[in-house]
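Below is one structure, written out as structure tokens; comments come after it.
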Amino acid sequence: MQDSTKIKEDKTTLELLKHDTKQTLKSVGYSFTRPLHWKGKDFGKLGGLLVGTIALSSLDKETNRFFERNSENFPKGIRDFGWYFGSPQNYFITNAGLYGFGLLTKNEKIRKTSVLVISSSITNGVINSLLKGSVGRARPNHTGDPFDFQLFSSEPGYHSFPSGHTALSVTMSHAIAKQFDNIWVKIGVYGIGAVAPISRLVDGAHWLTDIAFSAALSIIVVDSIDKFLFNSKAYNYTKPPKNISWNFTFSANQIGLIGTF
């Protein structure tokens with residue numbers, strides 16, 4: 001049985017909490033079982049993401065040198081904000097505060113946004129942890145070689161791919177930006193979300209492809225769960241969620257993935 005399209009205002013706080021917890025668990029479950037239902041185009045998108053990441057790796061060394069040369073000129077306050085915002089403990093405290101406000105005020109849009117953030121974050125967190133521990137890619141500030149891998153290494157210096165700070169930061173910024181139609185508000189939200197990825201490049205903690213892969217994967221996960229919540233009618237959506245379509249590009253002067261809003 002599907003949940004009602006709109007949660008009535010006479011629901012108690014506890015009932016709303018139970019509803020949101022249920023939707024979070026269902027969303028996470030959907031994320032991890034969705035690949036079982038993939039078709040040709042879905043595997044094509046995954047292939048495009050992987051091929052795009054591999055192609056983009058040709059720019060890893062040069063971008064690392066660029067940020068290394070300019071690291072001293074990068075504002076320390078912005079670097080610190082990027083690190084703290086993308087750190088799991090601060091990230092979840094921020095989302096807990098956002099959800100708590102939505103729950104106490106019975107604001108469905110804020111609650112739905114928080115459910116979208118936390119379920120997407122759990123999904124991305126599990127994927128990131130599995131990849132970090134298995135891929136074993138060396139960080140720029142560890143060996144300086146983007147093609148240095150030690151599979152299944154427990155050493156932090158070999159946990160470069162993908163970027164956890166980027167995954168969390170982009171997940172939250174994309175989930176929040178989707179709630180607004182104003183392009184300038186979207187730009188502002190995405191601008192804040194971009195601080196953590198850029199600061200990780202400046203600090204030499206990640207390669208460009210670590211950042212790009214994490215950002216693309218985070219957007220894909222958020223869009224997928226947002227669509228699931230809409231189709232399940234768990235919350236009152238005024239209109240269908242807008243997703244970003246990704247296309248792999250490769251030419252003489254262009255390599256990468258382009259997202260179209």
Side-chain angles (χ1 to χ4, degrees), residues 20-39 41-53 56 85-88 91-92 94-95 98-99 111-135 161-179 186 189-190 192-194 196-197 200 206 209-232 234-235 237 240-248 256-261:
D20 297 336
T21 301
K22 177 182 177 182
Q23 300 312 317
T24 298
L25 295 176
K26 288 174 65 176
S27 297
V28 174
Y30 169 83
S31 297
F32 288 116
T33 58
R34 186 58 190 168
L36 298 176
H37 306 282
W38 279 3
K39 297 181 179 179
K41 64 178 182 179
D42 298 306
F43 287 103
K45 291 179 181 179
L46 176 61
L49 176 60
L50 296 177
V51 171
T53 301
L56 196 62
F85 184 70
S87 297
Y91 176 88
F92 285 108
T94 299
N95 190 55
L98 179 67
Y99 175 73
R111 288 173 33 244
K112 183 260 291 182
T113 302
S114 289
V115 168
L116 177 59
V117 170
I118 191 64
S119 54
S120 300
S121 300
I122 292 173
T123 301
N124 276 321
V126 172
I127 295 174
N128 270 260
S129 296
L130 292 174
L131 289 176
K132 277 181 178 292
S134 58
V135 174
F161 182 87
S163 169
H165 279 72
T166 298
L168 294 179
S169 182
V170 172
T171 292
M172 179 171 283
S173 61
H174 185 48
I176 293 176
K178 288 171 71 70
Q179 312 309 315
K186 286 181 177 288
V189 174
Y190 283 123
I192 294 174
R200 300 302 280 165
H206 289 286
T209 43
D210 302 334
I211 301 295
F213 179 87
S214 294
L217 180 63
S218 298
I219 291 173
I220 291 171
V221 170
V222 170
D223 283 347
S224 177
I225 292 179
D226 199 23
K227 184 177 180 180
F228 167 74
L229 291 173
F230 170 78
N231 290 336
S232 64
Y235 298 95
Y237 280 70
K242 293 182 179 179
N243 295 341
I244 297 180
S245 60
W246 291 93
N247 296 293
F248 171 65
L257 288 168
I258 295 179
T260 305
F261 291 85

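These values consider heavy atoms only, across backbone and side chains, with no hydrogens, waters or symmetry-generated copies. Nothing fancy with the numbering, it's 1 onward along the sequence.
- Under the 3.5 Å distance criterion, the side-chain polar atoms of Ser232 are matched with a main-chain donor or acceptor of Leu229.
- Interatomic distance, Leu131 CG to Leu217 CG, rounded to the nearest 0.5 Å: 8.0 Å.
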**Request:** Decide yes or no on side-chain hydrogen bond (donor to acceptor under 3.5 Å, both in side chains) for Asp20 and Tyr235, but give the supporting numbers first.
**Result:** CA-CA 10 Å; Asp20 297 336; Tyr235 298 95; 2.6 Å; yes

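- Heavy atoms only, all atoms of each residue included: Ser121 and Thr171 are closest at OG-CG2, 3.7 Å.
- Inspection of the Gln179 and Lys112 side chains reveals an N or O donor paired with an N or O acceptor under 3.5 Å.
- Atom CD1 of Ile220 is separated from atom NZ of Lys45 by 8.0 Å, given to the nearest 0.5 angstrom.
- When all heavy atoms are compared, the tightest approach of His206 to Lys132 is CE1-NZ, 3.8 Å.
- Asn128 contributes a side-chain N or O that, together with a main-chain N or O of Asn124, makes up a donor-acceptor pair within less than 3.5 Å.
- Here the rule is side-chain contact (heavy atoms from CB on, under 4.5 Å) with Ser218, and of Ile127, Thr123, Val170, Leu168 only Val170 fits it.
- Counting all heavy atoms, side chain and backbone alike, Arg111 lies closest to Tyr99 at CG-CE1, 4.0 Å.
- Here the shortest heavy-atom pairing between Thr209 and Thr53 reads CG2-O, 3.2 Å.
- Here the straight-line distance linking atom CZ of Phe228 with atom CG of Leu116 works out to 12.0 Å at 0.5 Å rounding.
- Every residue meeting the side chain to side chain contact (heavy atoms under 4.5 Å, CB included) condition with Phe43, not counting sequence neighbours, appears here in chain and number order: Trp38.
- Checked against Ser120 for a side-chain contact (heavy atoms from CB on, under 4.5 Å), the options Val221, Thr24, Val28 give a single hit: Val221.
- Between Ser173 and Val189 the shortest heavy-atom distance is O-CG1, 3.2 Å.
- Looking at residues two or more places apart in sequence or on another chain, you find a side chain to side chain contact (heavy atoms under 4.5 Å, CB included) between Ser169 and Phe85, Ala196, Pro197.
- When all heavy atoms of Ser163 and Ser214 are compared, the closest pair comes out as N-OG, 2.8 Å.
- With a 6.0 Å cutoff to the six-membered ring centre and a 45° limit on the axis angle, Lys227 does not count as a cation-pi contact of Tyr30.
- Ile211 contributes atom CD1, which lies 10.0 Å from atom NE2 of His165 (distance to the nearest 0.5 angstrom).
- The shortest distance between side-chain heavy atoms of Phe213 and Thr166 does not fall below 4.5 Å.
- Rounding to the nearest 0.5 angstrom, the gap separating the CD1 atom in Ile118 from the CG atom in Asn95 is 5.5 Å.
- Side-chain contact annotation: Asp223 with His174, donor-acceptor N/O pair under 3.5 Å present.
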